[in-house]
Amino acid sequence: MQTTTTRALAAAAALTIGLTLAGCSTSNTSSSDASSSQSSSSSASHNDQDVKFTQQMLPHHQQAIEMSDMLLAKGSGVQADVVTLAKQIKAEQDPEIKTMTGWLKSWNEPTQMPSTSGTDHSSMSGMMSHSDMQDLQNASPRDAGKRYLKRMIQHHTSAVDMAKTEVTKGKNADTVALATSIVQSQTEPITQMQDMLASK
């Protein structure tokens with residue numbers, strides 16, 4: 001009787017363990033399948049143009065913020081309207097940098113294009129060279145305002161061109177939406193900056 005009871009308990013225990021392991025296996029498999037599905041979905045949601053646009057726009061935005069910081073550091077000698085513009089550019093582009101960095105990481109793509117990694121990116125359209133940045137850094141406050149406007153017009157123009165290409169050839173809905181926003185938000189300031197520069 002005792003032996004029969006012992007065997008019954010052992011069998012019940014074995015069955016419980018078996019069901020538990022089966023449940024874990026099913027859960028892990030489902031989790032793995034879901035992860036694989038999400039990965040495939042993420043991969044399918046963008047194309048090479050989305051990656052190229054994001055990798056190029058990142059240093060473009062970063063340099064615009066660097067230029068703005070240089071200008072703002074010169075203090076009260078810079079024209080008030082140029083200071084307002086620089087602050088606006090920083091406020092708009094800093095969040096976009098964070099967003100684009102997040103996209104590249106979620107796509108498992110580097111945040112720099114292999115061809116420009118380790119360079120100053122000055123070969124890209126609209127980007128200031130190291131010499132240009134030095135000139136802005138060394139300029140007097142009033143002259144810096146003019147230099148800033150002149151270079152930022154080029155910066156915005158090239159950004160709009162890159163964004164238009166993304167709108168036409170991109171696949172990722174969020175990336176295309178950002179590109180559309182850049183076309184809209186940077187086209188009008190180009191005319192504004194041209195008028196400001198003409199009045200200086």
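Just so it is clear, the model here is predicted, and its values are computed rather than measured. Sequence positions, counted from 1, serve as the residue numbers for this chain.
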Counting N and O atoms only, with roles assigned by atom type, does the side chain of [X] sit under 3.5 Å from a partner on the main chain of [Y], one being a donor and the other an acceptor?
X	Y	value
D94	K90	no
Q194	I153	no
K87	L72	no
D50	G170	no

(Q) Would D132 and R147 count as a salt bridge (Lys or Arg N to Asp or Glu O under 4.0 Å) here? Give the steps. (A) CA-CA 9 Å; D132 291 331; R147 289 178 182 272; over 6 Å; no
Q. Which residues pass the ring pair (Phe, Tyr, Trp, His ring centres under 6.0 Å) test with H156, sequence neighbours left out?
A.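 Partners of H156 by the ring pair (Phe, Tyr, Trp, His ring centres under 6.0 Å) criterion come out as none, since no residue qualifies.
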Enter the distance from [X]:[atom1] to [Y]:[atom2] here, rounded to the nearest 0.5 Å.
X	Y	atom1	atom2	answer
M100	L58	CE	CG	4.5 Å
T84	M196	OG1	CE	8.0 Å
I89	M193	CD1	CE	5.5 Å
R142	Q79	CZ	CD	5.0 Å
Q55	D48	CD	CG	9.5 Å
M57	S158	CE	OG	7.5 Å

Q: Report the C-alpha separation of K200 and D81 in whole Å, then their side-chain angles, then the decisive distance to 0.1 Å, and conclude whether the salt bridge (Lys or Arg N to Asp or Glu O under 4.0 Å) test is met.
A: CA-CA 11 Å; K200 302 302 178 191; D81 55 350; 2.8 Å; yes
Measure the shortest side-chain to side-chain distance between [X] and [Y] over non-hydrogen atoms and say whether it is less than 4.5 angstrom.
X	Y	result
E66	Q62	no
Q186	E92	no
W103	L178	yes
T54	W107	yes
Q56	M127	no

Q: Please work out whether the ring planes of H60 and H155 are parallel, tilted or perpendicular, with thresholds of 30° and 60°.
A: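 The rings of H60 and H155 sit tilted, inter-plane angle from 30° to 60°.
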If you look only at distance, which donor and acceptor atoms sit under 3.5 Å apart when one is on a side chain in residues 162-169 and the other is two or more places apart or in another chain?
from: T165; atom 1: OG1; to: D161; atom 2: O; distance (Å): 3.2
from: E166; atom 1: OE1; to: Q49; atom 2: NE2; distance (Å): 3.3
from: T168; atom 1: OG1; to: K164; atom 2: O; distance (Å): 3.1

Q | Residues Q192 and E188: side-chain donor-acceptor under 3.5 angstrom | A |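 Not at all, the side chains of Q192 and E188 share no donor-acceptor pair under 3.5 Å.
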(Q) Quick check: is L104 connected to V176 through a chain of hydrophobic side chains (ILVMFWY, heavy atoms under 4.5 Å apart)? (A)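 Each belongs to a different hydrophobic cluster.
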